[in-house]
Amino acid sequence: MKNLMKNRIVIGLICIILSLVICFGLTPMFNNALKSKVSLVRVNAEIRKGDQITEKMLTTVEVGGYNLPGNVVYRMEDVVGRYANTDLYRGDYILESKLSDTPMLKNAYLSGLNGENLAISVSIKSFAAGLSGKLEAGDIVTLFASDVGDMRETLMLPELKYVEIIAATASSGADSDVQADAENGEEQELASTLTVLVAPEQARLLAELEQKGKIHAALVFRGDSTQARKFLEEQRKVLEELYVEEETETGETGTAEETEEPIVDGAEVNAGGQ
């Protein structure tokens, strides 16, 4: 019984000591942290993605130092002259991850060309042909050709079953994603061309169809880039099969000069495009 009483007294003393530590030690420290102030940089005017940041766009404010992000920028000189990686709005804190030391490239999607594929633009000759202005970069589309040749045929060519759009561009030269950033109330232009990423064989075919027919785009897929790669890989295999067969036939029947004919000529269409 005495041991039980002693244990209770010890536990009680420990609880009293802990409460004193919390009240007179931890609590004041926590309150001081809440009350502490730091100066940091905040956005004073809207900054668009890619803009170079000037001092007029920023202001320095004093805020509570508790629970601030670890990469928040405190000094004005660490921001001025750098470039925004994303849109910033009045009142936003500046985070290091939202800044870049180099300007964003205009038409950056063209900087990824490596010599294997080509970027080529085709005209959208009607509102419907461009999916009513709804196509975006990254979409996978099938390109149809209509009014081809003397017979005015409509063709679905296996070479153009799955094609990646890298830009939809208005007649002014502005891409659709740039126009989407326009101020409210500003009328947006409809895309007049589609720029697609294609193999050389596809580019040659599109160049001829641009002159001898009308191109219509049908949306196949929009979404995860990994899934989009599967469509493009399937298209690559189709191209390999078509043009390996063509090279084999060329070797058997004559020289390349004898077998090179227009892909689209009157009512005749290359067997690979039927």
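Computed from a predicted structure; not experimentally measured.
Note on Ile120 and Ile124: same hydrophobic cluster, where clusters join Ile, Leu, Val, Met, Phe, Trp and Tyr whose side-chain heavy atoms are under 4.5 Å apart, directly or indirectly. Put simply, Val220 and Leu143 are part of two different groups of oily side chains (I, L, V, M, F, W, Y) that touch within less than 4.5 Å, one to the next. Note on Ile215 and Val148: same hydrophobic cluster, where clusters join Ile, Leu, Val, Met, Phe, Trp and Tyr whose side-chain heavy atoms are under 4.5 Å apart, directly or indirectly. Linking ILVMFWY residues whenever their side-chain heavy atoms come closer than 4.5 Å, directly or via other members, places Leu219 and Val198 in the same cluster. Transitive grouping of hydrophobic side chains (ILVMFWY, heavy atoms separated by less than 4.5 Å) brings Leu135 and Val196 into a common cluster.
Looking at heavy atoms from C-beta onward, Tyr74 lies in side-chain contact with Val72 at the 4.5 angstrom threshold. A 4.5 Å side-chain heavy-atom check between Leu160 and Leu209 finds at least one atom pair inside the cut-off. At a threshold of 4.5 Å between non-hydrogen side-chain atoms, the residues Glu159 and Glu201 do not count as touching. Taking the side chain as every heavy atom from C-beta outward, Ser100 and Arg82 never approach each other to under 4.5 Å.
Distance alone, capped at 3.5 Å, places no donor-acceptor pair between the Glu164 side chain and the Ile140 backbone. Side chain of Gln235 to backbone of Lys161: a donor-acceptor contact under 3.5 angstrom is found. The closest donor-acceptor contact from the side chain of Gln202 to the backbone of Ala199 lies under 3.5 Å. No donor-acceptor distance shorter than 3.5 angstrom exists from the side chain of Thr154 to the backbone of Ser146, with no hydrogens or angles considered. With hydrogens and angles ignored, the 3.5 Å screen pairs no side-chain donor or acceptor of Asp147 with any backbone N or O of Lys214. Panel note: side chain Asp139, backbone Val141; no donor-acceptor pair is recorded below 3.5 Å.
The two residues Phe127 and Gly133 have their closest heavy-atom pair at CE1-N, 4.1 Å. Here the shortest heavy-atom pairing between Ala170 and Ser192 reads C-OG, 3.4 Å. Residues Asn44 and Lys56 come closest through the heavy atom pair ND2-O, 4.0 Å. The two residues Pro158 and Val238 make their nearest non-hydrogen contact at O-CG1, 3.8 Å. Shortest non-hydrogen contact noted between Phe231 and Tyr162 is O-CD1, 3.4 Å.
If you take CG on Leu206 and CD on Gln211, they are separated by 12.0 Å, rounding to the nearest 0.5 Å. Between Ile165 atom CD1 and Glu136 atom CD the span is 9.5 Å, to the nearest 0.5 Å. To the nearest 0.5 Å, atoms NZ (Lys237) and CG (Leu232) are separated by 12.5 Å.
Residues passing the side-chain contact (heavy atoms from CB on, under 4.5 Å) test with Val61, sequence neighbours excluded: Leu40, Arg42, Thr59, Val63. Partners of Ala167 according to the side-chain contact (heavy atoms from CB on, under 4.5 Å) rule, which considers only residues two or more places apart in sequence or in another chain, are Tyr109, Thr169, Asp175, Thr195.
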Task: Worked verdict on Tyr89 versus Asp87 for side-chain contact (heavy atoms from CB on, under 4.5 Å) - done: CA-CA 7 Å; Tyr89 300 95; Asp87 290 342; 3.6 Å; yes
Open item on the list: salt bridge (charged side-chain N to carboxylate O under 4.0 Å, His left out), that's the test. Do Arg48 and Asp51 meet it? Break it down for me.
Closed with: CA-CA 6 Å; Arg48 288 296 183 184; Asp51 286 351; over 6 Å; no
- [ ] Evaluate the salt bridge (charged side-chain N to carboxylate O under 4.0 Å, His left out) criterion for residues Glu233 and Arg236: first the C-alpha distance (whole Å), next the side-chain angles of each, then the deciding distance (0.1 Å), finally the verdict.
- [x] CA-CA 5 Å; Glu233 179 62 20; Arg236 185 188 64 79; 2.3 Å; yes
Task: From CA spacing to verdict: side-chain contact (heavy atoms from CB on, under 4.5 Å), Arg90, Glu46 - done: CA-CA 6 Å; Arg90 187 182 179 90; Glu46 189 171 331; over 6 Å; no
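Taking a 6.0 Å sphere around NZ of Lys125, one finds it holds more than 12 heavy atoms contributed by other residues, nucleotides or ligands. Environment of CD in Gln52: crowded, with over 12 heavy atoms of neighbouring residues, nucleotides or ligands closer than 6.0 Å. No more than 12 heavy-atom neighbours from other residues, nucleotides or ligands sit within 6.0 angstrom of CD on Glu116. Around the CZ atom of Arg152, the shell of radius 6.0 Å holds no more than 12 heavy atoms that belong to other residues, nucleotides or ligands.
When hydrophobic residues (I, L, V, M, F, W, Y) are linked wherever their side-chain heavy atoms come within less than 4.5 Å, the members clustered with Val80 are Val41, Val43, Ile47, Ile53, Met57, Leu58, Val73, Met76, Val79, Leu88, Ile94, Leu99.
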